[in-house]
Amino acid sequence: MKVFITDCDHDNIDIEKKVFSDAGMEVELKQAKTEDEVIEQCKDGEILIVQYANITEKVMEAMPKLKFVVRYGVGVDTIDLKAATRHGVQVGNVPDYGMNEVADHAIALLVTLKRKIIQMNDFTKSQKWDYTKSIPIHRFSEETVGVVGLGRIGRCFAQRAHALGFKVIGYDPYFKQTSETSYITPVTLEELVQKSDAVSIHCPADGNQNLFNEEVFKKMKKDAVIINVARGGIINESDLDKALTNGDIAGAGIDCMKKEPMPSDSPIFKHENLIITPHMAWYSEEAALELKRKVAEESVRFAKGEEIHYPVNHLK
């Protein structure tokens with residue numbers, strides 16, 4: 001089958017090439033991101049491996065041979081899933097390549113915010129040696145962390161928060177309690193917002209845009225913090241700016257924004273209790289290599305008529 005990598009900002013595709021070569025197949029790298037670029041450069045493609053490219057109904061109509069699209073990563077925001085299903089195009093992703101890294105990053109943001117590490121580092125270096133500037137800080141075992149979304153990553157994060165002593169509550173309409181997750185208390189979103197000393201977001205963007213907005217921030221505890229390592233847009237960024245300005249919440253740790261990259265002069269960056277990282281929660285050297293290997297392996301499985309491991313849509 002004809003395989004194209006539509007776009008990729010990695011240093012090389014050596015891992016992908018090796019997986020395909022071992023399977024007696026070839027792969028060709030383009031740098032097509034827009035609909036027209038994908039149609040023009042990948043018109044004969046049967047399998048597409050995508051990073052940022054938009055795979056829309058227009059693309060599918062112009063590429064009748066297309067049978068499988070797999071994305072470098074978890075989110076499939078740039079792929080029209082309904083159109084794919086109508087056109088008989090299987091969509092896949094790699095949901096487990098960096099789940100430990102994302103959970104670790106969220107925990108790092110949580111601890112940094114709750115222990116006020118950034119503020120105290122800056123204060124100590126620029127002003128004086130005085131711990132009282134950090135008051136109040138509370139013992140983790142006296143605090144509650146609310147986890148929004150209890151899929152693979154949400155559960156990994158919850159496990160880590162529990163190990164640090166936090167009480168863990170969670171909201172996910174699809175969550176099913178097991179003996180392994182007995183430390184998570186399922187609650188409604190309303191309860192989670194009101195009871196949590198920290199909220200960590202691990203839900204998909206689809207169906208959850210502006211889930212955290214001005215109204216929700218006003219219901220949160222004044223000393224609560226919010227963490228988003230999921231997707232931009234789940235938090236309304238203008239409302240977050242207001243909440244931090246007005247003291248509705250105590251801080252935020254954000255790894256993904258609605259528009260990326262964010263300009264360095266963004267007004268939201270003015271808050272000293274806001275930690276921003278550049279959509280890097282997924283990253284470790286090991287995770288990056290695992291992702292490259294798994295997208296290629298999924299493509300080979302599909303080409304050979306084998307069952308893929310990570311279907312996103314379900315074809316009849």
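In this text the structure is predicted, and so the values were computed from the model without any measurement.
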Identify whether M63 and V70 are in the same connected component of the hydrophobic contact network (ILVMFWY, side-chain heavy atoms under 4.5 Å). no
Excluding sequence neighbours, so at least two apart, what forms ring-ring contact (aromatic ring centres under 6.0 Å, His included) with Y97? none
Per-pair distances, 0.1 Å, donor-acceptor, side chain in residues 103-111, under 3.5 Å, sequence neighbours excluded:
residue, atom, partner, partner atom, Å
D104, OD1, R160, NE, 2.6
D104, OD1, R160, NH2, 3.3
H105, NE2, T277, OG1, 3.0

Other than I15, which residues form its hydrophobic cluster under the rule that side-chain heavy atoms must be closer than 4.5 Å? L289
Pairs touching residues 41-56 that satisfy salt bridge (Lys or Arg N to Asp or Glu O under 4.0 Å), sequence neighbours left out: none
Any pair with a residue in residues 277-290 that passes salt bridge (Lys or Arg N to Asp or Glu O under 4.0 Å), sequence neighbours left out, goes on the list, sorted by first then second residue, please. E290-K294
Among Ile, Leu, Val, Met, Phe, Trp and Tyr joined by side-chain contacts under 4.5 Å, find the other residues sharing a cluster with F123 and list them by chain and number. M120
Report the residues that fulfil salt bridge (charged side-chain N to carboxylate O under 4.0 Å, His left out) with R71, sequence neighbours left out, ordered by chain and then residue number. none
Find out if a path of hydrophobic residues (ILVMFWY) with successive side-chain heavy-atom gaps under 4.5 Å connects I13 to V300. yes
If you draw a 6.0 Å radius around CZ in R115, do more than 12 non-hydrogen atoms from other residues or ligands fall strictly inside? no
Within the structure provided, determine whether R86 and E57 are in side-chain contact (heavy-atom separation under 4.5 Å). yes
Can D7 and K30 be counted as an ion pair, charged N to O under 4.0 angstrom? no
Are any of the side-chain nitrogens in K18 or D14 under 4.0 Å away from the carboxylate oxygens of its partner? no
Under the salt bridge (Lys or Arg N to Asp or Glu O under 4.0 Å) rule, what pairs show up with a residue in residues 137-157, not counting sequence neighbours? K114-E143
Pairs touching residues 259-315 that satisfy ring pair (Phe, Tyr, Trp, His ring centres under 6.0 Å), sequence neighbours left out: F68-F302
What residues form a ring-ring contact (aromatic ring centres under 6.0 Å, His included) with F4, not counting sequence neighbours? none
Nearest-0.5 Å distance that lies between atom CG in N208 and atom CD1 in I234: 5.5 Å
Are L240 and L189 linked, directly or through intermediate hydrophobic residues, by side-chain heavy-atom contacts shorter than 4.5 Å (ILVMFWY only)? yes
Can you pull the salt bridge (Lys or Arg N to Asp or Glu O under 4.0 Å) pairs that have at least one residue in residues 236-246, sequence neighbours excluded? E214-K242, D241-K270
I'd like to know whether CD of E180 has more than 12 heavy-atom contacts from other residues, nucleotides or ligands below 6.0 angstrom. no
Answer whether the closest heavy-atom distance between the side chains of C203 and D172 falls below 4.5 Å. no
Indicate whether any N or O donor in one side chain lies under 3.5 Å from an N or O acceptor in the other, for T132 and D130. yes
Anything under 30° is parallel, anything over 60° is perpendicular, the rest tilted; go ahead and classify F212 against F217. tilted
Is the shortest heavy-atom distance from the side chain of M257 to the side chain of I276 under 4.5 Å? yes
Would K258 and Q209 count as having a side-chain donor-acceptor pair, cut-off 3.5 Å? yes
Looking at E306, I'd like to know if its CD atom is crowded, meaning that more than 12 non-hydrogen atoms belonging to other residues, nucleotides or ligands lie closer than 6.0 Å. yes
Do Y52 and I49 belong together in a cluster built from hydrophobic side chains that touch within less than 4.5 Å? no
Sequence neighbours excluded - side chain to side chain donor-acceptor pair (under 3.5 Å) pairs with any residue from residues 196-206: D197-K221, S200-H202
In the single-linkage hydrophobic clustering (I, L, V, M, F, W, Y; side-chain heavy atoms under 4.5 Å), do I201 and I254 co-cluster? yes
Less than 4.0 Å between a side-chain N and a carboxylate O, is that true for K195 and E191? yes
